[in-house]
Amino acid sequence: MELLFKTKKHQVQPAKDNKSINIDDVLHNFEFRRIDKNHLKINISGVWQDVFIAEDKNHYYVNAEGTTYHFDKVHNDGNDYGEGQSANEDIINVKPPMPGSIVKILVEQGQKVTEGDGLIIVEAMKMETTIYTTIDGIVTEINVSTGEQVDADKVLMVVEKEKASE
Amino acid sequence: MELLFKTKKHQVQPAKDNKSINIDDVLHNFEFRRIDKNHLKINISGVWQDVFIAEDKNHYYVNAEGTTYHFDKVHNDGNDYGEGQSANEDIINVKPPMPGSIVKILVEQGQKVTEGDGLIIVEAMKMETTIYTTIDGIVTEINVSTGEQVDADKVLMVVEKEKASE
Amino acid sequence: MFKKILIANRSEIACRIIRACKEMNIPTLAVYSEADEFAQHVKLADEAVCIGPAAPLQSYLNMDAVINAALENGCDAIHPGYGFLSEKHEFNKKVREAGLVFIGPKPEPMKLLGSKVESRITMIEAGVPVIPGMKTSSKNISDFEEMAEKIGFPVLIKASDGGGGKGMRVVHKLEDIKSSVEAAMRESQTAFGSEVVFLEKYLESPRHIEFQVAGDEHGNFVHLFERECSIQRRHQKIIEETPSTAVSPELRQRMGETAVKVIQASNYTNVGTVEFLLDKDNNFYFLEVNTRIQVEHPITEMVTGIDLVKLQIRIAAGEAIPFKQEELSQNGHSIECRIYAEDADNNFMPSSGKIHFMKEPVGPGVRYDSGVYSGAEVPIFYDPILAKLIVWGKDREEARLRMINALKSNVVLGVKTSNKFMQTVLENQHFIDGDTCTNFIDSHSDDLKFNSTASLLHAFAAAALSEDTNQTQTVNHVARQLNSSPWLEIGYWEIAGGSR
Amino acid sequence: MFKKILIANRSEIACRIIRACKEMNIPTLAVYSEADEFAQHVKLADEAVCIGPAAPLQSYLNMDAVINAALENGCDAIHPGYGFLSEKHEFNKKVREAGLVFIGPKPEPMKLLGSKVESRITMIEAGVPVIPGMKTSSKNISDFEEMAEKIGFPVLIKASDGGGGKGMRVVHKLEDIKSSVEAAMRESQTAFGSEVVFLEKYLESPRHIEFQVAGDEHGNFVHLFERECSIQRRHQKIIEETPSTAVSPELRQRMGETAVKVIQASNYTNVGTVEFLLDKDNNFYFLEVNTRIQVEHPITEMVTGIDLVKLQIRIAAGEAIPFKQEELSQNGHSIECRIYAEDADNNFMPSSGKIHFMKEPVGPGVRYDSGVYSGAEVPIFYDPILAKLIVWGKDREEARLRMINALKSNVVLGVKTSNKFMQTVLENQHFIDGDTCTNFIDSHSDDLKFNSTASLLHAFAAAALSEDTNQTQTVNHVARQLNSSPWLEIGYWEIAGGSR
C-alpha cells in the first residue's frame with residue numbers, strides 16, 4: 001500500500017506470510033498481534049510497540065508510544081495528489097487552515113499585493129488567523145464574503161503573478 | 001425480536017418509524033440516538049438513559065444506569081430452549097457452573113444418592129464448588145475424571161430417579 | 001440547597017460541574033447548541049435542552065435563551081463554568097433579576113474587576129503592588145510618552161477592556177509611542193467598543209503565578225495557595241503546576257495575603273483567581289482577577305483536597321466556607337496538561353473533526369477531566385479543549401514522571417493534540433530544573449522540536465494491517481479531496497487568539 | 001537502584017507495579033502463561049516472556065521458571081505482587097540464593113508469620129493481644145475441650161497453616177468438639193500437609209481492621225494507619241475504606257503502636273499488613289500478618305500520599321524509609337470497590353469469558369487500577385479480579401457519593417460483575433451509618449437485594465436496535481448451545497474459596 005506522510009509518499013507491504021514487512025524498499029523482521037479493532041501489538045526488527053489505529057475515508061490515524069501520526073491514504077485512481085501544488089509559485093489558491101468563518105477580507109479584487117501582505121482573516125475555534133500572500137501578484141478572484149462559513153478545501157481567493165510580458 | 005432474560009422470554013419490536021417500541025405487547029414512546037457501535041442514548045416513555053451494548057453469538061450484554069443485563073438470543077430455528085429442563089425432575093444432567101477442572105468425584109456410578117448429597121467438586125478461578133443433587137436417585141453416568149478440564153456445557157454426570165415400578 | 005442547576009457551558013468543564021452536582025445529589029440541566037446534540041455534557045446531565053444554533057452568539061452566549069431554559073425547566077441556579085457568559089456582569093445581573101442564583105460573585109465586583117483600569121486604581125489604593133505605569137488612562141499622547149521615559153523601555157500599551165492580546169502593543173522606543181497608542185485605541189474600539197488604553201512597564205520573561213481565592217457572604221476570605229501557569233503558547237496556558245518552584249514559603253505568605261487583600265478590596269465573594277506576574281527579582285505585581293472557576297482549578301484540588309466546584313455551589317447557596325485559612329495546607333505536587341485539539345507541529349493550529357478512537361490514561365495519581373469520547377465530534381465553533389490530564393505526586397519529580405507516563409498512554413485518534421509536545425516540555429532540562437517563564441516555549445523552541453518519527457515504522461505497519469482488514473471496503477473509493485495541510489502551501493500565519 | 005525488575009504476577013497488580021517502575025525509570029519484565037499472551041500486564045511491561053502453560057502450577061507458581069526468566073533476561077530483582085508466590089518463603093529463599101533481590105521481607109519472618117500457631121506464640125510473648133484460646137496446638141482432644149469450656153462457646157477450630165476458610169470449624173457445644181477437631185485435622189492434612197490445629201474464641205460480628213506497616217534495614221518501623229475491610233463475601237473483601245468509622249484517634253494510636261510492635265517482634269522488613277479483629281467493645285486482637293502488598297493498598301496511598309509499591313522497591317534496594325511516623329497523617333477518606341468477574345445475583349460465582357466492551361470511570365478523585373481492556377479474555381485459571389475502583393473524598397460522605405457515581409459509570413460487558421451490588425451496599429443505611437462488620441452482607445442480605453429491572457426496557461430496546469444493525473450477520477445462525485445458567489437447574493452450591 002501507499003501512504004502519504006506530511007509531503008512524502010511511503011510504500012508499505014507486509015510479506016504474504018506476515019513475517020517480514022517491506023517499508024520503502026527496506027525489509028524488516030515483522031510480527032504482530034491484533035488486540036482489538038483499534039489496537040495492535042507490532043514488532044519491527046525486535047522492538048514491540050503498542051499501536052492504536054483508526055481511520056476515515058481519506059486518513060489513517062495512528063498512535064505509537066505517545067506519538068500520533070496522520071497518514072493520507074493514496075488511492076490508485078491514476079490521479080496524483082500532494083505534489084506540484086507548492087512548486088507552482090505563479091498562482092496561489094488561498095484556502096483556510098481549517099473549517100471556519102470569514103472575519104474580514106483585507107484586499108479587493110484586482111488589487112496588487114506584495115509578499116507578506118495580509119489577504120483575509122478567518123476565525124475558527126475561538127482563534128483568528130490572518131492569511132498572507134507568499135508571492136507578489138494580483139488578486140484575481142475572491143470567492144467569499146464576510147461572515148461566510150467555509151470548509152477547509154474552499155478556495156477563498158486566488159493570487160496570480162503578473163506576467164512578465166505585460 | 002425475541003430475548004431470553006433469566007428464565008423468561010420477551011418480545012421486543014421497534015415500530016418501522018422508530019417512534020414507538022412494542023415490548024411484551026405494551027407500546028412505549030421511543031426515541032434513540034446512536035453514539036457509537038457500543039453506545040446508545042435511548043428514550044422510553046420520556047426517560048433518557050445511556051445504554052452500552054455488546055454481543056457475541058448467543059448473547060447481548062447491556063449496561064444501563066450502572067446495571068448490567070445478560071440476554072440470550074432466541075433463534076427462530078424451530079427449536080425451543082430454556083424451558084422444560086428444570087420442570088423435569090426425574091433426571092438431572094449435572095453441569096459445572098462455569099468452565100473449570102474436576103477436583104474430586106464424590107460418588108460412584110450406580111450409587112444411590114439422597115437430595116442434598118454432594119456429587120462432585122469443581123474448581124475454577126481459585127474457587128472450589130461442590131455440586132449437590134436436588135433429587136433422590138441413582139448416579140447413572142459419570143463422564144469425567146479427576147483433574148479433567150471441562151466446559152460449562154459438559155454433562156459431568158447424570159442422576160436419575162428410581163422408577164416407582166422397580 | 002438548590003433544586004436543579006443549569007450548566008451554561010459545554011465540554012470538560014460542563015462535565016466536571018455535572019459530576020460535582022451528582023455527588024451533591026443536585027439534578028442538572030445541560031444546555032446545548034445544535035452542533036452539540038451528542039456532546040458528552042448532554043449525555044452526562046440528567047436533562048438537556050437545545051438553546052439554539054451552533055454559532056455561540058445564538059446559543060451559549062444567548063443570555064435570554066439560557067435564562068429561559070432555566071425558568072422553563074425548574075432550575076433555581078445557573079453555573080456559568082468558564083468562558084462564554086461566565087464573566088459577563090450583565091448576564092450575572094439578568095440571572096439574578098430573573099429570580100435565579102448566579103453561581104459566582106456579585107455583578108458589581110465582576111464589573112469592577114473586568115476593567116483593567118478600574119481594578120488597577122482600586123488595587124493601587126488598597127496598597128496592592130501593580131506593574132509600574134500609568135494609574136489611569138489618558139487621551140494625551142504626551143502622558144504616555146512621559147510615563148514611558150520615566151519607567152524605561154520596553155513598555156506595554158494595553159486596552160482596559162482587552163483580553164487575549166488584542167489591543168496590546170509592546171513598544172521599545174519613544175518615537176513609536178504615538179503610533180502604537182493610536183493603533184491600540186483603534187483596535188480596542190473595534191474589538192471591545194472602548195478606546196481606553198493605558199501604559200505600563202513591559203516585564204521580560206516573568207512567571208505567571210496565580211492564587212486561588214474564595215470569599216463567602218459571612219465575611220470569610222481565604223486563599224488556597226498558588227498555581228504556576230508559565231508554560232504558554234499564544235498567551236494561553238497549556239501546562240500548570242502547584243506548588244510553584246519559584247515561590248518560597250515566605251513569598252507564598254506575602255502573595256497569599258495580598259491575594260486576599262485584592263478580593264476584600266473588591267468585595268469579592270465566591271471562588272476566584274488573583275493573577276500576578278513574578279519577575280526575576282521575586283517582585284510580584286497584580287495582573288487581574290478571573291471572576292470564575294479556572295481551567296486549571298484541578299491542580300489546586302489535588303494538593304488541598306478541596307473540591308472547588310462544590311465550594312462554589314455551597315457559597316452561592318449562602319453557606320459559609322467550611323474551613324479556615326490555617327487549616328489549609330499544600331500536600332504533594334500536581335501538574336495539569338491541557339489536551340487541546342491542535343497541531344503542535346504547526347504553530348498549535350486548532351484541529352476539528354471526529355474523534356475516531358480514544359483511550360484514557362489511568363492509574364494511581366492520574367485524573368482525566370474529559371469532555372469527549374470515542375466517536376465524538378469536535379465542532380469548529382468552540383474552544384478546542386478536549387480534556388485535561390492532571391496528576392498528583394508526593395513531590396514534583398514524582399508528578400513529572402507520572403505525567404510523562406500518562407501522556408504516553410493517552411491516545412486520541414482523529415484530531416491532532418499537543419500530547420507529544422507536552423511530553424517534550426516535561427522532559428526538557430529547564431522544566432526539570434523548575435526554570436519556567438511565560439516565554440518558555442518560544443525561548444526553548446529548538447530544544448522542544450521533537451522527533452516525531454521514532455515509531456513511524458510501527459505506525460506504517462499498523463496502517464498496512466488495517467488496510468488488509470478493510471480491503472473490501474476500500475476498492476470503491478473515489479477521488480479524494482485534497483485536504484492535506486493546505487495551509488502549508490500558502491505561507492505563514494499570524495496567530496491571534498483568546499487567552500484563558 | 002535495580003537494573004530490571006521481573007513482575008511475578010498478572011492482572012491489575014502486575015500493571016500497578018509496572019506503572020510504579022515506569023515512573024522510577026526501571027525497566028520491567030512481565031512473565032505470562034500461555035493463557036495470558038494478550039493480557040494487559042504483558043502489553044504494559046517493557047518486555048515479556050512466556051513461562052509455561054495456563055495452569056498456575058506450571059507457570060505463575062513455577063518457582064524455577066520464574067527465577068530462570070529473571071536470570072536469562074538480565075533482571076536483578078523480582079516483585080511477587082500478591083497471591084501466587086508472594087508469601088512462599090521457599091520461593092523467597094530461592095530467589096535470594098539465585099543472587100536476585102526478592103522485593104519483600106526476609107524468608108525467616110515470612111515463614112514465622114505464615115504459621116498461625118508460631119506467630120501466635122511470638123505475639124503472646126511480645127505482649128500483643130490475641131484472641132483468647134490455646135497458646136499452641138495439641139493432639140489431645142481434652143485440651144481443646146478444657147479451653148472451650150474456659151473461654152465459652154462458640155469457639156473456632158483453626159488450622160495453623162490454613163487460609164481461606166479451609167480446615168476451619170465453628171463449634172457451638174462441647175459434644176461437637178471431638179468430631180470437629182478431628183475433621184479439621186483431616187482437612188488440614190489434605191489441604192496443607194499438616195494436621196496442626198488449635199482452638200480460639202469465635203468472635204461474632206467483628207470488624208476487620210488492618211494496619212499498613214513498613215520496616216527497613218536501618219531500624220525504622222512505621223505504620224500508615226488502618227484500613228477497614230469488613231465488607232466481605234465468602235470471607236473475601238470486596239469493599240474497603242480508610243479511616244475506619246470505628247477507630248477513634250486514641251484507639252488508632254494504640255492499634256498502630258501494636259502493629260509496629262508486631263513487625264518489630266518478628267524482625268519484619270519491607271511493606272506488610274497487620275490484621276486485627278475488633279469486637280463490639282473495641283477490644284482488638286491480632287489475627288495475622290500479610291507479608292506482601294495488599295489488594296486494598298491504594299486506599300492507604302490515597303489518604304497518606306505514599307506510593308506503597310515504590311516504597312517496597314526502595315526498601316528492597318536498601319534505602320531507608322524516607323519519612324518518620326510523626327510526619328504521616330490521614331488526609332480525607334478513601335474507599336475501594338473490587339471489580340471481580342462474578343455474579344452477585346448468584347452467590348458471587350466467578351464468571352469468565354471475553355470482555356466485549358468496557359468503559360472506565362473517570363473524574364476528580366477517581367482512580368481505576370485495571371488489569372483488563374475491551375477485547376481482553378478473562379481466563380478460568382486465575383483469581384477473577386478485573387480492576388479496582390478507588391475514590392478519594394474530603395470526608396467519608398463525599399467519598400461514598402463519589403463511589404456510587406463512579407460505579408454507575410463503570411461499564412463492563414461480557415462478564416458479570418458485582419458493580420450494581422456494591423452500589424446497593426454503599427446506599428444501605430447501615431453502611432451510611434458506618435455500622436459495618438464482617439457478616440454485613442449476610443445479615444443485611446434482604447436489604448441488599450437490588451431490583452435489577454429498573455432499566456430493563458431500555459436494555460431490551462438496545463438489543464433490538466443492535467439486531468437491526470447486524471441483520472445480515474444474524475440470519476445464518478445455527479442452533480445455539482444451551483448455556484443459559486445451567487447451574488440454576490441443578491440446585492444449590494456450597495462455596496469454598498481463598499480469602500485475601
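None of these values were measured; they are calculated from a predicted model. Atoms considered below: every heavy atom in the structure, side chains included; atoms not considered: hydrogens, waters and symmetry mates. In what follows, chains are A, B, ... by sequence order, proteins preceding strands, each numbered from 1.
With contacts defined as side-chain heavy-atom distances shorter than 4.5 Å, the pair A:Q149/C:I380 qualifies.
If you measure heavy-atom distances from C:T417 to chain A, you find no contacts under 4.5 Å at all. Within the 4.5 angstrom heavy-atom criterion, only side-chain atoms of A:L40, from C-beta onward, approach chain C. Looking at A:I23, the atoms closer than 4.5 Å to chain C (heavy atoms on both sides) all sit in the side chain, from C-beta outward. The contact between A:H28 and chain C is made entirely by side chain atoms (from C-beta outward), counting heavy-atom distances below 4.5 Å.
Expressed to the nearest 0.5 Å, how far CG of C:L465 lies from CE of A:M1 amounts to 9.5 Å. Taking CZ from C:F357 and NZ from A:K37, the interatomic distance works out to 8.5 Å, rounded to the nearest 0.5 Å. Of the inter-residue distances, the one linking C:S455 atom OG with A:Q49 atom CD reads 3.5 Å to the nearest 0.5 angstrom. Between the CG atom of C:L456 and the NE2 atom of A:H10 there is a distance of 6.0 Å, given to the nearest 0.5 Å. Once rounded to the nearest 0.5 Å, the distance linking NZ of C:K359 with CG of A:N38 reads 11.5 Å.
Between C:F460 and the options A:F30, A:Y60, A:F71, A:Y69, a ring pair (Phe, Tyr, Trp, His ring centres under 6.0 Å) holds for only A:F71. Each of A:V62, A:T67, A:V47 was checked for a side chain to side chain contact (heavy atoms under 4.5 Å, CB included) with C:H458, and the lone residue meeting it is A:V47.
Scanning both residues, A:G66 and C:Q423, for their nearest heavy atoms gives O-NE2, 3.3 Å. Here the shortest heavy-atom pairing between C:A464 and A:V12 reads CB-CG1, 3.7 Å. Pairing each heavy atom of C:L413 with each of A:T68, the nearest pair is CD2-CG2, 4.0 Å. Summarising the geometry of C:A462 relative to A:V51, their closest heavy-atom pair is CB-CG1, 3.5 Å, with the distance given to 0.1 Å. Closest of all the heavy-atom pairs between A:I44 and C:A461 is CD1-CB, 3.9 Å. Here the shortest heavy-atom pairing between C:S466 and A:R34 reads N-NH2, 4.4 Å.
Chosen from C:S352, C:P379, C:G414, C:S374, the residue pairing most often with chain A at heavy-atom distances under 4.5 Å is C:G414. The choice from A:I21, A:L3, A:N18, A:V26 that makes the most heavy-atom pairs within less than 4.5 Å of chain C is A:L3.
Counting heavy-atom neighbours within 6.0 Å of A:K154 NZ, excluding the residue itself, gives a total above 12.
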